[in-house]
Amino acid sequence: MSHTPRYRFAPSPTGFFHVGGARTALYNWALAQREGGVFVLRIEDTDESRNSPEWTNGIIDALAWLGIDSSSSQFEGPYFQSDNASKHVAAAHRLYELGHAYWCDLTPEQIQERAKAAGKQGYDGYSRDRGLEPGPGRVLRFRVPEGTTVVRDLVRGDVEFDNTTIEDFVLLRGNGSPMFLLANVVDDIDMNITNVVRAEEHLPNTPKQQLLWQALGHEPPVWAHVPVLVNEQRKKLSKRRDKVALEQYKDEGILAEAMVNYLMTLGWAPHGDTEIVPWSTIVEQFRLEDVNHSPAFFDVKKLQAFNGEYIRALSLPQFINACSPWLMAEDVSWNASQFKPKVFAAVAELIQTRVVMLSEVSTMVDFLFLDAPIVDEQAFTKTFTADFARPMLEHCRDAYATINWTHEDLKAHLDALAEELQVKLGKLQAPLRVAITGRTIGPPLFESLEVLGREQTLRRIDAALLRTV
RNA sequence: GCUCCCAUCGUCUAGUGGCCUAGGACACCACCCUCUCAAGGUGGCGGCACGGGUUCGAAUCCCGUUGGGAGUGCCA
């Protein structure tokens, strides 16, 4: 008899990892860590159409990204539900022998007809006392007992269900294969699961599962149903209409730590006035009793804000390192051979405070690695309507040919010109910025010029002057 | 339809009967800083769904209303 809390995370392999699933996994992981328990991963692959080996690796990888390390001593699995099929069937037959289940030969169509005739919905218990033997096409149904079932839920309190509202659900299909509800319970019992923490959508199923636990002769686990994540329409996040794949956020340059931290603030909050806290603090403070009862909107804007915080908290070398995949990616606008790590390193600090996602980095520095900047026509037209635009550029072209090539001197030169022309430097530099970078916004201009180099700078000034003739 | 869950700023939350003139964060707005854009700083806008109780006292407890959500398969 072990008193070690055993949590479990039981995703079905559907091809991508859902942010909602990520949060559930994190809750389980935090609790297992906090209580010195175990996190059991079980892949619910009973539905053949969902069964694909590579999906399993995807799940392990996603968990690893979140910091749920499958090599940890507190991690167990992965187990596969499909491996336990014989146990599920055996349990079903035991239930039949115990009188907790019976065979039924009604087809779904017949059930519907009967329901329609009775003006009600669902299966009406028709085969309950017909004493049918097993036979081809017959399903095994659970005999729901009379009374009420009380689900003790750590986040919701006691939830009461009148058993008359629970229909005699199917345990074994007509082809003999076990249904999810059964498989799930049998596995949980088999794996000594003590705590079931999952999304609220499973709450209506819980009385059925609890009945199954009891019929099988076991005390049910501690339940906890956490609210679902919703979109701006307040509907449960779904892969069809919402951006829910963890991988997608990862690809955009959301840091794992930011994702984890953000996910944990949905339905719960760390103590104190700041939400940005390390995982260790979360493990220390997280309690199911403190989890909110209502659905939470998955706000990408706030996720990005968190990410910006985490990006800025990186040391410079860490930041440079983190950017690397996006700088080496195949879809960058420059030729891979033109990328210069040293050049990027020289401006990285200026970029770090200007992005909230790592995927933004490449367009912010592309002008440094391109032969010619990608010019935003609108920006060009707009900035070059200023009457000082051409004279300023011509002036720069001449002065920059001989000036000391430091950002201080580059700036000092334009400062002087601004003074002379009675124009603010902010306005004056705009055409130069567009000529060099192609855009009106970007990293500080003079530092950019310094790393770009004299030759390239002069070339781009000439090119811009040529365009305006 | 039926079953169940839920209800504090636009959003995420703090709040477990007096500390609440309801706190923080994101977003938004203004100002400061400033070579653009950010970052940073300061300030602002903005909420206890409604109606009844209980209580000396209710965001907090109870009931109802309204409004949301989830489930309702021989899917998981």
Side-chain angles (χ1 to χ4, degrees), chain A residues 10-14 44-47 49-50 81 104 106-108 111 119-123 137-141 151 153 155-156 159-162 164-167 169-177 179-181 183-184 199-207 225 227-228 230 232-236 262 265-276 289-290 292-299 301-306 308-309 312 350-356 364 379 383 407 410-411 414-415 418 424-430 432-434 437 439-448:
Chain A
S12 55
T14 50
E44 309 236 311
D45 56 350
T46 332
D47 180 3
S49 63
R50 300 192 182 204
Q81 186 153 79
C104 173
L106 253 33
T107 62
I111 290 170
K120 289 180 180 171
Q121 225 155 46
Y123 169 69
R138 291 183 178 175
V139 301
L140 185 70
R141 287 183 180 276
V151 172
D153 190 291
V155 348
R156 319 226 159 232
V159 184
E160 223 177 281
F161 295 85
D162 186 332
T164 58
T165 66
I166 306 171
E167 70 172 35
F169 53 96
V170 173
L171 262 17
L172 251 32
R173 297 188 183 88
N175 66 7
S177 65
M179 289 283 292
F180 150 76
L181 234 39
N184 193 272
E200 189 190 356
E201 64 210 67
H202 293 283
L203 186 53
N205 274 332
T206 309
H225 290 89
V228 294
V230 298
E232 48 272 86
Q233 278 79 239
R234 302 248 117 215
K235 302 281 188 208
K236 188 173 80 168
Y262 175 65
T265 66
L266 257 24
W268 179 78
H271 309 338
D273 273 350
T274 173
E275 298 176 306
I276 306 284
E289 291 85 343
D290 297 334
N292 240 32
H293 296 183
S294 39
F297 170 49
F298 185 80
D299 186 352
K301 272 267 171 57
K302 189 159 181 179
L303 203 214
Q304 289 175 345
F306 269 54
E309 294 264 4
R312 277 171 256 129
L350 305 173
I351 305 301
Q352 194 170 2
T353 55
R354 290 174 169 76
V355 294
V356 292
M364 200 153 272
T383 50
H407 68 266
L410 288 161
K411 176 169 184 294
L414 266 206
D415 271 335
K424 290 239 180 184
L425 182 58
K427 290 190 73 172
L428 186 64
Q429 56 91 49
L432 178 59
R433 177 182 293 281
V434 174
T437 72
R439 307 186 183 90
T440 53
I441 60 171
L445 182 57
F446 305 106
E447 285 82 349
S448 299

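Throughout, a chain's letter reflects where its sequence line sits, starting with A, and its residues are numbered from 1.
- A gap of 50 Å separates the C1' atoms of B:C19 and B:C35, to the nearest Å.
- Between A:Arg234 and B:C12 there is a side-chain N or O to OP1 or OP2 distance below 4.0 Å.
- At whole-Å resolution of the value, CZ in A:Arg156 and C1' in B:C5 are 6 Å apart.
- A:His293 places no side-chain N or O within 3.5 Å of a backbone atom of A:Pro227 that could act as its donor or acceptor partner.
- Contact annotation for A:Phe446: base contact, defined as any heavy-atom pair under 4.0 Å involving a base atom.
- Of the two residues contacting RNA chain B, namely A:Gly272 and A:Asn292, the nearest-nucleotide position lying further toward the 5' end is that of A:Asn292.
- The side chain of A:Asn205 contributes no N or O atom lying less than 4.0 Å from OP1 or OP2 of B:G71.
- RNA chain B is contacted by both A:Arg312 and A:Pro227; A:Pro227 maps to the nucleotide lying nearer its 5′ end (nearest heavy atom per residue).
- Note: CD (A:Glu447) to C1' (B:C35) measures 9 Å, nearest angstrom.
- Checking side-chain atoms of A:Glu167 against main-chain N and O of A:Tyr123 turns up a donor-acceptor pair under 3.5 Å.
- Checked against B:U8, B:C26, B:C35, the side chain of A:Arg433 finds its nearest nucleotide in B:C35.
- Remark: side-chain polar atoms of A:Thr383 are paired, donor with acceptor, to backbone N or O of A:Ala379 under 3.5 angstrom.
- Between the C1' atom of B:U36 and the CG atom of A:Leu432 lies a distance of 11 Å, rounded to the nearest Å.
- At distances below 3.5 Å, not a single donor-acceptor pair connects side-chain atoms of A:Arg234 with backbone N or O atoms of A:Val230.
- A:Glu201 comes within 4.0 angstrom of sugar-phosphate atoms only, judged by non-hydrogen atoms across all strands, and of no base.
- A donor-acceptor pair is defined here as one N or O able to donate and one able to accept, closer than 3.5 Å; such a pair exists between the side chain of A:Arg156 and the backbone of A:His225.
- The backbone N or O of A:Val155 lies less than 3.5 Å from a partner atom in the side chain of A:Asp153, making a donor-acceptor pair.
- Nucleotides B:C75 and B:A14 place their P atoms 39 Å apart, quoted to the nearest Å.
- Regarding A:Phe161, its CZ atom lies at a distance of 14 Å from the P atom of B:G71, rounded to whole Å.
- Contacts of A:Glu167 with the nucleic acid, taken as non-hydrogen atoms under 4.0 Å apart, are absent.
- The separation of B:C45 from B:C37, taken at their C1' atoms, amounts to 25 Å, rounded to a whole angstrom.
- To the nearest whole angstrom, the two C1' atoms, one in B:C2 and one in B:C63, are 23 Å apart.
- Between B:C9 and B:G47, the distance separating the two P atoms is 9 Å to the nearest Å.
- Of the candidates B:A25, B:C35, B:C37, the closest approach to any side-chain atom of A:Arg354 belongs to B:C37.
- Between A:Lys235 and B:G69 there is a side-chain N or O to OP1 or OP2 distance below 4.0 Å.
- Separating the C1' atom of B:G23 from that of B:G46 is a span of 14 Å, rounded to the nearest Å.
- Residue contacts for A:Leu106: at a heavy-atom cut-off of 4.0 Å it reaches a base atom on one of the strands shown.
- Considering only the side chain of A:Ser294, B:U8 comes nearest among B:A76, B:U8, B:C74.
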Could you walk me through whether A:Thr437 and A:Arg433 satisfy the side chain to side chain donor-acceptor pair (under 3.5 Å) test, starting with their C-alpha distance in whole Å, then the side-chain angles of each, then the deciding distance to 0.1 Å, before giving a yes or no?
CA-CA 6 Å; A:Thr437 72; A:Arg433 177 182 293 281; 5.2 Å; no
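- Here the separation of B:U13 from B:G18, taken at their P atoms, is 23 Å to the nearest Å.
- For A:Arg173, a side-chain nitrogen or oxygen approaches OP1 or OP2 of B:C75 to under 4.0 Å.
- Nearest nucleotide to the A:Lys411 side chain, out of B:G24, B:A70, B:C35: B:C35.
- Counting non-hydrogen atoms under 4.0 angstrom, A:Leu425 reaches the backbone sugars and phosphates but no base.
- For B:U72, the paired nucleotide is B:G1, the pair qualifying as Watson-Crick or G-U wobble because both relevant distances are below 3.5 Å.
- When distances are taken from the side chain of A:Glu275 to each of B:U11, B:A25, B:C6, the shortest belongs to B:A25.
- If you measure from atom CG of A:Leu266 to atom P of B:C26, you get 15 Å, rounded to the nearest angstrom.
- Between A:Ile276 atom CD1 and B:C26 atom P there is a gap of 8 Å when expressed in whole angstrom units.
- Atom name C1', nucleotides B:U16 and B:C48: the rounded distance is 15 Å, in whole Å.
- Side chain of A:Thr353, nearest nucleotide from B:U13, B:A39, B:C4: B:A39.
- Using a 4.0 Å heavy-atom cutoff across all strands shown, A:Thr437 reaches no nucleic acid atom at all.
- Under 3.5 Å, the side chain of A:Lys302 and the base of B:A25 form at least one donor-acceptor pair of N or O atoms.
- Under the Watson-Crick or G-U wobble criterion, with both distances below 3.5 Å, B:A25 is paired with B:U11.
- When distances run from any side-chain atom of A:Ala269 to the nucleotides B:A76, B:G24, B:A14, the shortest one goes to B:A14.
- At a threshold of 4.0 angstrom between heavy atoms, the contacts of A:Gln352 with the nucleic acid are absent.
- Between A:Leu303 atom CG and B:U11 atom C1' there is a gap of 13 Å when expressed in whole angstrom units.
- Which of B:C12, B:G71, B:C26 sits closest to the side chain of A:Ala305 comes down to B:C26.
- Base contact: A:Gly174 has a heavy atom under 4.0 Å from a base atom.
- Searching all strands for a Watson-Crick or G-U wobble partner of B:A59 with both distances below 3.5 Å returns nothing.
- When the nucleotides B:C6, B:A76, B:G71 are ranked by their closest atom to the side chain of A:Lys236, B:G71 comes out on top.
- Rounded to whole angstrom, the span from the CG atom of A:Leu350 across to the C1' atom of B:U34 amounts to 14 Å.
- The side chain of A:Lys301 places no N or O atom within less than 4.0 Å of a non-bridging phosphate oxygen (OP1 or OP2) of B:C26.
- Taking the side chain of A:Thr265 as heavy atoms from C-beta on, and the options B:A27, B:U36, B:C12, the nearest nucleotide is B:C12.
- Judged purely by atom type and a 3.5 angstrom limit, A:Tyr262 has no side-chain atom pairing as donor or acceptor with the backbone of A:Phe298.
- Counting non-hydrogen atoms under 4.0 angstrom, A:Val139 reaches a base of the nucleic acid.
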